[in-house]
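The block underneath contains the structure these notes are about, expressed in structure tokens.
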Amino acid sequence: MYCIGFVSQEIEVYNTLPAADFCANVQSYKNNLGNADFVVFFSPSGVEHFFSYIQMIFEKTSKIIAIGPSTSEKLLQCQAADHYVLESPNADSLIKCLHDSISAVNKHQQ
């Protein structure tokens, strides 16, 4: 790829795999606490693992949040078009997104 006179090449240097007890932990959460209000994805690989292994555990009522544009793009590829994308990949932006979403729901219910 060329960019402003520089040549770049993408090289994958690692492969993220789910923890061995990932599905069991999620099922335990669901059994003990019910459906998640929000599911936050911090990486495209997290999206892949979620949709490959445990999508059926969560109901369509869970709101989905992507930490940034590449994670959002992976959600779109997995047919999860209805999701939020953080303004910045940090805790403050996540808290603002959660607050805004909850406020919108509360306002709609009034």
Side-chain angles (χ1 to χ4, degrees):
M1 174 191 286
Y2 291 95
C3 180
I4 313 173
F6 295 95
V7 176
S8 65
Q9 176 66 43
E10 179 180 330
I11 300 172
E12 186 176 320
V13 295
Y14 68 93
N15 187 16
T16 305
L17 301 173
D21 56 355
F22 177 65
C23 293
N25 287 341
V26 172
Q27 187 63 56
S28 176
Y29 169 89
K30 172 81 172 171
N31 291 342
N32 293 319
L33 299 172
N35 196 49
D37 293 324
F38 293 90
V39 178
V40 182
F41 292 101
F42 294 89
S43 70
S45 60
V47 172
E48 282 183 29
H49 298 310
F50 176 86
F51 282 93
S52 296
Y53 297 104
I54 62 166
Q55 176 185 12
M56 70 298 257
I57 294 173
F58 286 96
E59 318 240 341
K60 298 284 184 192
T61 57
S62 296
K63 293 171 182 60
I64 299 173
I65 300 173
I67 194 85
S70 60
T71 305
S72 175
E73 180 60 34
K74 182 55 82 173
L75 283 164
L76 291 172
Q77 292 172 9
C78 292
Q79 310 301 312
D82 189 20
H83 63 272
Y84 301 94
V85 182
L86 299 185
E87 295 172 6
S88 300
N90 58 48
D92 289 340
S93 185
L94 177 57
I95 291 167
K96 181 182 182 311
C97 182
L98 292 168
H99 177 268
D100 291 350
S101 175
I102 292 166
S103 294
V105 168
N106 290 340
K107 185 177 181 180
H108 179 71
Q109 291 177 347
Q110 292 177 349

Gap separating the CD atom of Gln79 from the CZ atom of Phe51, nearest 0.5 angstrom: 9.0 Å
Side chain to side chain contact (heavy atoms under 4.5 Å, CB included) partner of Phe41, the single match among Leu75, Ile67, Ile65: Leu75
Rounded distance (nearest 0.5 Å) linking atom OG of Ser45 with atom CZ of Phe50: 14.0 Å
Residue pair Leu94 / Leu86: nearest heavy atoms and the distance that separates them: CA-CD2, 3.6 Å
Path from Val40 to Val85 over hydrophobic side-chain contacts below 4.5 Å: no
Pair Asp100-Lys96, salt bridge (charged side-chain N to carboxylate O under 4.0 Å, His left out): steps then yes or no: CA-CA 6 Å; Asp100 291 350; Lys96 181 182 182 311; 2.7 Å; yes
Least distance between heavy atoms, Ser62 atom then Val39 atom: CB-CG2, 4.1 Å
Any side-chain heavy-atom pair of Asp82 and Ile64 under 4.5 Å: no
Heavy atoms from other residues, nucleotides or ligands near CD of Gln77 exceed 12 (cutoff 6.0 Å): yes
Donor + acceptor pair across side chains of Gln27, Lys30 (<3.5 Å): no
Phe38 side chain near Ile102 side chain, heavy-atom distance below 4.5 Å: yes
Least distance between heavy atoms, Val47 atom then Cys78 atom: CG1-SG, 3.9 Å
Side-chain donor/acceptor of Asn90 to backbone N/O of Ser93, under 3.5 Å: yes
Side chain proximity check, Tyr84 to Leu98, heavy atoms < 4.5 angstrom: no
Short side-chain to backbone donor-acceptor contact, Ser72 and Ala66, under 3.5 Å: no
